[in-house]
Visitor: 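Pasting a structure here, questions to come.
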Amino acid sequence: MGIPKFPMHNVHFYKSMKNVAIAVVLALSASTAFNVLHNMPRKHKYANFYTNYDPMVSFYRMMEGGYLDSCPPLKAAAPTPKK
C-alpha cells in the first residue's frame, strides 16, 4: 500500500474554481437582468415615440420659439401633425 493522499490536496484549486463559476453565473445574470429590465423597455419607448414623431412639427415649434439662430422666428401657423 502506498501513502494515502493528504486530505487537503487541491482544496485551493477547487475553491478557486467554485468562486470563478459563481462569478461567471452572477455576471451573466446581472447583464441579462440589465438588458431585460433597462434596455428593452427603453427600446420600446423609443420605438413608440418615433412611430408618431413628425420632425417638421418640432422644427416649426423651435422656429416659433426662437431657438434656432439660423432661422428667424416664425409667426405663421405651423403645420398640424398628421394622424
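The chain is numbered in sequence order, starting from 1.
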Visitor: When the ring centroid of F49 is compared with that of Y46, is the distance short of 6.0 Å?
Guide: no
Visitor: Please assess F13 against M17 for the test side chain to side chain contact (heavy atoms under 4.5 Å, CB included), listing each intermediate value before the final yes or no.
Guide: CA-CA 6 Å; F13 174 74; M17 293 310 292; 3.7 Å; yes
Visitor: How long is the span from the SG atom in C71 to the CD atom in E64, to the nearest 0.5 Å?
Guide: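 Here the rounded value is 12.0 Å.
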Visitor: Roughly how far apart are F59 CZ and D54 CG, rounded to 0.5 Å?
Guide: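 So the gap between those two atoms works out to 12.5 Å.
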Visitor: With the 4.5 Å side-chain cut-off for hydrophobic clustering, are M56 and L68 part of the same group?
Guide: yes
Visitor: For the side chain of N48 and the backbone of H44, is there at least one donor-acceptor N/O pair under 3.5 Å apart?
Guide: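 Flag set: sc N48 to bb H44 pair under 3.5 Å.
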